Amino acid sequence: DSAGAASPPTSAKFSTGLYTAADWKGAKWIGGKMGQYRAEHKLKGEVTRATAYVIGLGYYKLHINGQKVSNHELGSFTTYTERVYYDTLDCTDIFMGGDLVIGMTLGDGWYTQKTVAVGQPQLMMRMSITYADGSSEDVVSGTTWKWSAGPVTAVDIYNGETYNASLETPGWTEPNFDASGWAATEDAEPPSDHVKITSHAILPPIRIGEDYSPINFWQSAPGEYVFDFGQNMAGFATFVMPAGIDTEPTAISMLHAEMIHGPPENRSKVYHHYGNAKETNTYVTKGDGSAVSYTPLFTYAGFRYIQLTGYPGTPDFKTLTAHFVHTDYELTGAVSFSDPELDAVQHITRTAAMSNFQSIPTDCPQRERRGWLGDAQLSAETNMHNFDMGAPYTSFIQQINDQQDPESGAVGDCVPYYGHGKIPADPAWGTAYTFLSDWVGKYYHDNQIFEEHYEGITAHMDELVTTSKNNGGMGSLLSYS
């Protein structure tokens, strides 16, 4: 200390991630279909620490003893045969002794989407438990877990989600629930025999960033209402309906759109023209007059407007609340102007950037939603001036390397690559590998990025030279060189 006396000894504890297959303590891949997965375990005593390590492909929501512990939305989009991320969740405060009940809902995400189609929904989980007497044990996923279909009957990242409330099973994530009629789970295969399982700590999760109440709504047709949230965003909306409204099962649909056909006073409908992306969530009521609060679990849309159809009555400003979702990075830069129009441009720039970072930088939040490298490199420095992008871009650069051809060094136009664009990439797209690495190194003083990707970048540059020579000096390649 300041007087030169030795400070008293102190101690601290920390835990590391899971590095090898053995660290998963025998956890198995299980699944094969959407639905509710349940496990029950008798605890041995007072719990002093409990940590869940979770992989859910496509997307998942996790409850322990009735409490939601997963704190993210959606999930990461990767070259799944090369890399998947696991989440580390502290569950200590949930345990009060007695039984442990794990309830995980699995839904289709990018992993199962028909344009990606790596596999069917599946999970792997390890729950590490430490007791007050110093002993410990692990509860892991396996075929002793039980499965039931649940209320999510259809879901697609582009087309939306269908939720049938009459199929809910109240209490299924809590102790003392009778799951005797549930089916046994089945073993599932990992995405590949060489997949890298990486901690999600490198990549901030997708979360709800902001909530928006409607600034206006109007009736566009009998039984149809359009809500305007005053802000274009990527996300979804919570739908609420008070008790006593529905007297029979009713399908209520929510079509998301970025535009309307005309002014509200003309009773305008939404203008939605993406044929490959229906962006419609449907909630089917129980028909018993019970109150409703529904937030989609496994999909998102790009929108400012929602067209609500089938509501059995007259909605109000509380019927829908929009949620802006994006990768949860920190806002680090700020600029303001004396001209309000320039302030508006800065606001639009930020919200567009956030809408287009859903674990990877995307080209748009509605039609394609893919990681086109041309878009990624053109927006990168703007993002770095506004947000802390060190971790998100480090993750994305690794993903470029994950899908790089080990023989030729070529990278794809799009990352992850599932058929969008070509391999090898157009030079203006593929050189994102070089530029992003350079900017992360310079903006964040990170020399490690160069050490990790030197071989990959030089292989890519060699591929550009080879392609140029083989094509007689192709103009775009020569101009880049």
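Worth saying up front: this structure is predicted, and the values here are computed from it rather than measured.
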Polar contact flag, side-chain donor to acceptor under 3.5 angstrom, Thr285-Asp246: yes
Minimal heavy-atom distance between Ser70 and Tyr60, with the atoms involved, is CB-CE1, 4.0 Å
Will you find, in the side chains of Thr238 and Thr295, an N or O donor that is under 3.5 Å from an N or O acceptor? yes
Euclidean distance, Asn356 CG relative to Asp375 CG, rounded to 0.5 Å: 8.0 Å
Please check if the distance between the ring centroids of Trp182 and Phe177 is under 6.0 Å. yes
If you take all heavy atoms of Thr92 and Arg49, which pair is closest and at what distance? OG1-CA, 3.5 Å
Distance-only side-chain donor-acceptor flag, Tyr59 / Asp108, under 3.5 Å: no
Between Met127 and Ala50, the two heavy atoms sitting closest are SD-CB, 4.2 Å
Non-hydrogen atoms of Cys91 and Ala52 that approach each other most closely: SG-CB, 3.9 Å
How close do Asn281 and Pro296 get, heavy atom to heavy atom, and via which atoms? ND2-CG, 3.3 Å
Assert yes or no for the condition that the ring centre distance of Trp110 to Tyr158 is strictly below 6.0 Å. yes
Would you please test Asn386 and Asn383 for side-chain contact (heavy atoms from CB on, under 4.5 Å) and show each step? CA-CA 5 Å; Asn386 282 276; Asn383 285 344; 6.0 Å; no
Thr299 side-chain N/O to Asp156 backbone N/O, donor-acceptor pair under 3.5 Å: yes
Ion pair check, Asp187 and Lys28, cut-off under 4.0 Å: no
ring-ring contact (aromatic ring centres under 6.0 Å, His included) for Phe227 and Phe217? Distances and angles first, verdict last. CA-CA 4 Å; Phe227 288 74; Phe217 81 95; 4.9 Å; yes
Glu73 and Lys61 ion-paired at < 4.0 Å: yes
Would you please indicate if the ring centroids of Phe357 and Tyr329 are separated by under 6.0 Å? yes
For the side chain of Thr51 and the backbone of Ser128, is there at least one donor-acceptor N/O pair under 3.5 Å apart? no
If we count only N and O atoms by modelled type, under 3.5 Å, do the side chains of Thr198 and Arg83 hold a donor and an acceptor together? yes
Supply the atom-to-atom distance Thr81 OG1 to Asp402 CG, rounded to the nearest 0.5 angstrom. 8.5 Å
If we ignore hydrogens and angles and just use 3.5 Å, is the side chain of Arg304 paired with the main-chain N or O of His256 as donor and acceptor? no
Donor-acceptor pair, distance only, cut-off 3.5 Å: does the side chain of Tyr131 make one with the backbone of Lys44? yes
Do Leu100 and Ile64 have side chains that approach each other closer than 4.5 Å (heavy atoms only, starting at C-beta)? yes
Minimum side-chain heavy-atom gap Leu373-Cys414 below 4.5 Å: no
Taking the six-membered ring of Tyr300, is the NZ or CZ of Arg369 close enough (under 6.0 Å from the centre) and on axis enough (within 45°)? yes
From Thr112 OG1 over to Gln122 CD, what is the distance, rounded to the nearest 0.5 angstrom? 10.5 Å
Any ion pair linking Arg370 and Asp363 (charged N to carboxylate O, less than 4.0 Å)? no
Check whether any side-chain heavy atom of Phe387 lies under 4.5 Å from a side-chain heavy atom of Thr382, and answer yes or no. no
Assess, by modelled atom type and distance only, whether the side chains of Glu224 and Gln219 contain a donor and an acceptor separated by less than 3.5 Å. no
Taking the side chain as C-beta and beyond, is there a heavy-atom pair between Thr321 and Tyr212 under 4.5 Å? no
Taking Ser141 for the side chain and Met125 for the main chain, is one N or O donor matched with an acceptor at less than 3.5 Å? yes
Would you say the side-chain atoms of Gln403 and Gln399 include a donor-acceptor pair closer than 3.5 Å? no
Starting at CG of Asp90, measure out to OG1 of Thr88 and round the result to the nearest 0.5 Å. 10.0 Å
Answer yes if the side chains of Asn159 and Glu279 hold a donor-acceptor pair under 3.5 Å, and no otherwise. no
Do Phe303 and Leu255 have side-chain heavy atoms sitting under 4.5 Å apart? no
Tell me, do Ile30 and Leu123 make a side-chain contact under 4.5 Å, heavy atoms counted? yes
So with a 6.0 Å cut-off around CG of Asn276, is the heavy-atom count from everything else above 12? yes
Has Tyr444 got a side-chain atom pairing as donor or acceptor with Met389's backbone, closer than 3.5 angstrom? yes
With a 4.0 Å cut-off on N to O distance, would you call Asp328 and Arg207 a salt bridge? yes
Lys33 atom NZ: more than 12 heavy-atom contacts under 6.0 Å: yes
Looking at every heavy atom in both Ala376 and Tyr393, which two are closest together, and how far apart are they? O-OH, 4.2 Å
As an exercise, state the distance from CD1 of Ile94 to CG of Asn65, rounded to the nearest 0.5 Å. 7.0 Å
Would you check if the side chain of Thr280 reaches a backbone N or O of Lys278 as a donor-acceptor pair within less than 3.5 Å? yes
Side-chain donor or acceptor of Thr250 paired with backbone N/O of Glu248 under 3.5 Å: yes
Distance-only polar pair, side chains of His272 and Gln307, donor-acceptor under 3.5 Å: no
Could you tell me whether a side-chain N or O of Ser355 sits under 3.5 Å from a main-chain N or O of Ala234, the two making a donor and an acceptor? yes
Can you find a heavy atom in the side chain of Ile306 that is under 4.5 Å from one in the side chain of Phe229? yes
Is the number of heavy atoms from other residues, nucleotides or ligands under 6.0 Å of Glu189 CD greater than 12? no
Run the ring-centre check on Tyr433 versus His453 and record whether the distance is less than 6.0 Å. yes
The test is ring-ring contact (aromatic ring centres under 6.0 Å, His included); show your working for Tyr86 and Trp24 and say whether it passes. CA-CA 11 Å; Tyr86 71 87; Trp24 284 86; 5.6 Å; yes
Find the distance between CZ (Arg38) and CH2 (Trp145) and round it off to the nearest 0.5 Å. 11.0 Å
Can a donor-acceptor pair be found between the side chains of Glu168 and Trp172 at a distance below 3.5 Å? no
Got a sec: does the OH of Tyr271 have more than 12 other heavy atoms crowding it under 6.0 Å? no
Centroid separation under 6.0 Å, is that true for the rings of Tyr283 and Tyr294? yes
State whether a side-chain donor-acceptor pair under 3.5 Å links Tyr85 with Ser395. yes
Consider only side-chain N and O atoms of Glu82 and Ser192, and report whether a donor and an acceptor are under 3.5 Å apart. no
Assert yes or no for the condition that the ring centre distance of His200 to Tyr53 is strictly below 6.0 Å. no
Give a yes or no on whether a salt bridge exists between Lys146 and Glu40, defined as a side-chain N under 4.0 angstrom from a carboxylate O. no
Taking side chain as C-beta onward, heavy atoms only, is Ile252 less than 4.5 Å from Thr309? no
Between Gln113 and Thr115, do the side chains contain a donor N or O and an acceptor N or O under 3.5 Å apart? yes
